[in-house]
Amino acid sequence: MTSVEAEPGAAKSLFGDRIDIAREFTKALAEQGEERGLIGPLELPRLWTRHILNSAIAAPLFHGSAADIGSGAGLPGLVLAIARPDVKWTLVEPMERRVNWLNEQVTELGLDNVDVLRSRAEDVRTVEKFDFVTARAVSALRTLIPFTAPLLRDGGELALLKGMNAPAEIGAAAKQIKKYRLSDVRVEVLGEGVLDETTRVVRATVRG
Ligand SMILES: C[S@@+](CC[C@H](N)C(=O)[O-])C[C@H]1O[C@@H](n2cnc3c(N)ncnc32)[C@H](O)[C@@H]1O
């Protein structure tokens with residue numbers, strides 16, 4: 001069973017006075033996630049440390065409006081929306097049962113800074129483009145860029161949560177980086193000295 005008491009210092013600094021909301025979300029996901037096909041059984045013991053805290057560590061990167069593409073169980077988007085109530089979040093997810101889960105959680109947790117959009121990223125048509133787009137465990141960078149970069153305003157930023165092979169993914173995406181006018185492409189390691197496991201974020205800015 002997952003422990004929402006692990007790494008208490010880091011958790012408190014990431015969520016502040018919203019830590020109880022983060023714990024409530026984690027408990028709901030731990031209780032229902034496997035049955036509803038949201039999270040694999042092997043992930044349950046490390047739900048808090050590997051999934052919740054490793055999503056929340058990116059919270060300081062965002063401001064204004066942000067979209068999470070392929071939000072699934074709410075990682076990282078719902079966790080970031082808990083940690084950053086001052087940011088307007090749009091969670092984009094095509095699968096109905098995952099969208100139902102996300103909508104339920106938004107209501108249960110009383111989050112008023114989240115819209116859930118049932119859509120594939122490439123079909124999203126919003127009036128206003130986003131300041132930030134994030135995604136986690138959706139696809140390799142070279143396939144992710146073509147459906148995330150067009151959702152950004154000029155000067156907007158990608159902040160994509162990636163694994164250890166982030167530098168190699170950047171190398172393999174050279175064509176897409178050029179085509180979608182991404183600049184300042186870099187990998188940032190978050191959580192060093194704070195979390196047991198660090199998080200890698202590929203960041204880039206879109207120039208019109
Ligand atoms: C492996 S899951 C990852 C979910 C979550 N981001 C996480 O880290 O646990 C990939 C998610 O991306 C969604 N997805 C796949 N293709 C997509 C697309 N074209 N646009 C938006 N979401 C997509 C899937 O429905 C699924 O929920």
Side-chain angles (χ1 to χ4, degrees), residues 2 14 22 25-59 61-62 65-84 87 89-106 109 111 114-126 129-130 132-152 158-166 169 173 176 180 190-191 195 197-203:
T2 197
L14 291 170
F25 171 65
T26 307
K27 279 183 179 152
L29 188 53
E31 282 164 14
Q32 302 173 48
E34 188 183 351
E35 192 187 316
R36 295 179 68 165
L38 298 162
I39 194 113
L42 292 179
E43 300 309 314
L44 286 176
R46 51 191 186 182
L47 192 52
W48 180 249
T49 49
R50 169 172 263 203
H51 297 279
I52 305 293
L53 297 185
N54 277 76
S55 293
I57 195 77
L61 303 183
F62 300 90
S65 64
D68 175 30
I69 302 305
S71 207
L75 304 167
L78 204 64
V79 174
L80 291 167
I82 294 168
R84 291 295 305 275
V87 175
W89 293 89
T90 300
L91 312 184
V92 179
E93 170 57 50
M95 281 187 66
E96 185 178 15
R97 65 188 158 83
R98 294 180 178 162
V99 167
N100 290 344
W101 160 261
L102 293 169
N103 277 321
E104 275 169 42
Q105 288 305 306
V106 167
L109 303 171
L111 302 175
V114 183
D115 285 329
V116 179
L117 197 56
R118 184 177 177 200
S119 177
R120 290 162 59 82
E122 48 274 53
D123 300 329
V124 170
R125 303 280 176 268
T126 50
K129 297 208 169 189
F130 299 98
F132 287 85
V133 173
T134 188
R136 175 184 185 259
V138 174
S139 69
L141 196 59
R142 69 190 154 78
T143 48
L144 198 52
I145 288 172
F147 60 76
T148 51
L151 299 175
L152 288 165
L158 291 178
L160 306 169
L161 277 57
K162 285 283 170 191
M164 298 287 279
N165 59 345
E169 286 197 35
Q176 290 77 17
Y180 289 90
L190 304 179
L195 297 182
E197 274 189 68
T198 55
T199 296
R200 277 161 182 72
V201 183
V202 172
R203 300 190 67 182

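Counting starts at 1 for both ligands and their atoms, in listed order.
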K.L.:
Any protein heavy atom under 4.0 Å from atom 27 (O) of ligand 1?
P.N.:
yes
K.L.:
I want to check something: taking the side chain as every heavy atom from C-beta on, are Leu144 and Lys162 in contact at a cut-off of under 4.5 Å?
P.N.:
yes
K.L.:
Can you tell which of Val138, Thr134, Leu190 makes a side-chain contact (heavy atoms from CB on, under 4.5 Å) with Leu161?
P.N.:
Thr134
K.L.:
Can you tell me which residue and heavy atom of the protein come closest to atom 4 (C) of ligand 1, and the distance to 0.1 Å?
P.N.:
Gly70 O, 3.4 Å
K.L.:
Please examine the side chains of Ile57 and Leu14, heavy atoms only from C-beta on, and report whether any two atoms are closer than 4.5 Å.
P.N.:
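Yes, close enough: below the 4.5 Å cut-off.
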K.L.:
Can you list the ligand 1 atoms lying under 4.0 Å from a non-hydrogen atom of Gly72?
P.N.:
4 (C), 27 (O)
K.L.:
Can you pull out the closest protein heavy atom to atom 8 (O) of ligand 1? Residue, atom name and distance to 0.1 Å, please.
P.N.:
Arg136 NH1, 2.7 Å
K.L.:
Give a yes or no on whether the backbone of Leu78 and the side-chain of Trp89 come within a donor-acceptor separation of less than 3.5 Å.
P.N.:
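Pair absent, no side-chain N/O of Trp89 close to backbone of Leu78.
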K.L.:
Just to confirm my output: which protein heavy-atom neighbour is closest to atom 19 (N) of ligand 1, and how far is it?
P.N.:
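Protein heavy atom with the smallest distance to atom 19 (N) of ligand 1: Glu122 OE1, 2.9 Å.
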K.L.:
Counting non-hydrogen protein atoms only, what is the nearest one to atom 21 (C) of ligand 1? Give residue, atom name and distance.
P.N.:
Ala121 N, 3.5 Å
K.L.:
Tell me, which protein residue and heavy-atom name are nearest atom 1 (C) of ligand 1, and how many Å apart are they?
P.N.:
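Here the closest protein heavy atom is Ala137 O, 3.1 Å.
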K.L.:
How far is atom 15 (C) of ligand 1 from its nearest protein heavy atom, and which residue and atom name does that atom have?
P.N.:
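For atom 15 (C) of ligand 1, the nearest protein heavy atom is Val138 CG1, 4.4 Å.
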K.L.:
If the cut-off is 4.0 Å to any non-hydrogen atom of Ile69, which atoms of ligand 1 fall inside it?
P.N.:
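Matching atoms, with element in brackets: 21 (C).
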K.L.:
How does Ala135 reach ligand 1, by side chain, by backbone, by both or by neither, if only non-hydrogen atoms under 4.0 Å count?
P.N.:
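Looking at Ala135 and ligand 1, no heavy atom falls under 4.0 Å.
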K.L.:
Could you check whether any heavy atom of Ala73 sits closer than 4.0 Å to an atom of ligand 1, since that is the contact criterion I want to use?
P.N.:
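No, Ala73 has no heavy atom closer than 4.0 Å to ligand 1.
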K.L.:
Does ligand 1 have a heavy atom under 4.0 Å from the side chain of Arg98, from its backbone, from both, or from neither?
P.N.:
side chain
K.L.:
Is any side-chain heavy atom of Leu117 less than 4.5 Å from a side-chain heavy atom of Val99?
P.N.:
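They are not in side-chain contact.
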K.L.:
Distance-only, no hydrogens or angles: does the Arg97 side chain make a donor-acceptor pair with backbone N or O of Gly37 under 3.5 Å?
P.N.:
yes
K.L.:
I'd like to check Leu44 versus Ile39 (side-chain heavy atoms, cut-off strictly below 4.5 Å). Are they in contact?
P.N.:
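Side chain of Leu44 against side chain of Ile39, heavy atoms only: contact under 4.5 Å found.
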K.L.:
Do the non-hydrogen side-chain atoms of Glu197 and Asn54 ever get within less than 4.5 Å of each other?
P.N.:
yes
K.L.:
Using atom types as modelled and distance alone, determine if a side-chain donor or acceptor of Arg98 lies under 3.5 Å from a backbone N or O of Glu93.
P.N.:
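No; zero donor-acceptor contacts below 3.5 Å.
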K.L.:
Where is the nearest protein heavy atom to atom 17 (C) of ligand 1: which residue, which atom, and how far?
P.N.:
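Ranked first by proximity to atom 17 (C) of ligand 1 is Pro94 CG, 4.2 Å.
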K.L.:
Between Arg36 and Glu104, does any NZ, NE, NH1 or NH2 come within less than 4.0 Å of an OD or OE carboxylate oxygen?
P.N.:
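Looking at Arg36 together with Glu104, the answer is yes, because their closest N to O distance falls below 4.0 Å.
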K.L.:
Any atoms of ligand 1 less than 4.0 Å from a non-hydrogen atom of Leu75? List them with their elements.
P.N.:
5 (C), 6 (N), 7 (C), 8 (O), 9 (O)
K.L.:
Which residue and non-hydrogen atom of the protein lie closest to atom 25 (O) of ligand 1, and at what distance in Å?
P.N.:
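So the nearest neighbour among protein heavy atoms is Glu93 OE2, 2.7 Å.
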